[in-house]
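In what follows, a single structure is set out as structure tokens and then discussed.
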Amino acid sequence: DAKTTQPPSMDCAEGRAANLPCNHSTISGNEYVYWYRQIHSQGPQYIIHGLKNNETNEMASLIITEDRKSSTLILPHATLRDTAVYYCIVIHPRGNTGKLIFGQGTTLQVKP
Amino acid sequence: SQTIHQWPATLVQPVGSPLSLECTVEGTSNPNLYWYRQAAGRGLQLLFYSIGIDQISSEVPQNLSASRPQDRQFILSSKKLLLSDSGFYLCAWSARGGISSYNSPLHFGNGTRLTVT
């Protein structure tokens, strides 16, 4: 599975957009990009995923570059409750395991 | 809708004591099931995953074992706990279905915080 690189921490003002980058330069053609987040003392929460097209749901938008070597998670109007560790993960459909390898993620601090 | 239950939420156990953490999933059939551990200040580490009853793969050699006696039940066990077993244990599930399962995210429980003293 492709390795991902994320900044260890970021700050964002409440109400502003939070843009969280992720590099995955070794991604292969059929690997998906997934984003999760973990609020303190809770289990990780699925946010969004994509293959090559940009995606949007009620939580966030995912922008994947044309060469697929990087992506950006966008929280359009960050709130204090969005303070969490955000994980970018790339997975390959190998077998039927679906296992994910989580790195250190980005700690997003939303400030009032 | 699907739900995942994990208990207990917190646990304090002495070194050398046994461990049993249980996880159950409702609202889905034939899920993939996973146990992860998160040590303080570190990322998530996959411990075990299972694609079916009694079909379990271990990712990391350690003091722990896992069992899946029923389709939607996943149990993490230890015969004798070590101090290094302390951590945040998370159970998760994902839908099965071959390659299409990779378009299905993992859904996590709320975790068990284990402290071995």
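All values below were derived from every heavy atom in this structure, side-chain atoms included, with hydrogens, water molecules and symmetry-related copies excluded.
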Inset, instruction - Identify whether A:Ile74 and A:Ile64 are in the same connected component of the hydrophobic contact network (ILVMFWY, side-chain heavy atoms under 4.5 Å). - result: no
Legend entry - Heavy-atom side-chain proximity of A:Tyr34 to B:Leu106 below 4.5 angstrom: no
Inset, instruction - Pull out the residues in residues 79-91 of chain B that come under 4.5 Å of chain A, heavy atom to heavy atom, sorted by number. - result: B:Phe88, B:Leu90
Inset, instruction - Grab the two heavy atoms, one from A:Tyr46 and one from B:Pro105, that are nearest each other, plus how far apart they are. - result: CD1-CB, 3.2 Å
Inset, instruction - Spell out, yes or no, whether A:Trp35 and A:Leu108 are grouped together once hydrophobic residues are joined by side-chain heavy atoms under 4.5 Å, including indirect joins. - result: yes
Legend entry - Joint hydrophobic cluster, B:Leu114 plus B:Tyr34, side-chain heavy atoms closer than 4.5 Å: no
Inset, instruction - Using the rule that two of Ile, Leu, Val, Met, Phe, Trp, Tyr join whenever any of their side-chain heavy atoms come within less than 4.5 Å, decide whether A:Tyr36 and B:Ile4 are in one cluster. - result: no
Legend entry - ILVMFWY network linking B:Leu21 to B:Leu44, side-chain heavy atoms under 4.5 angstrom: no
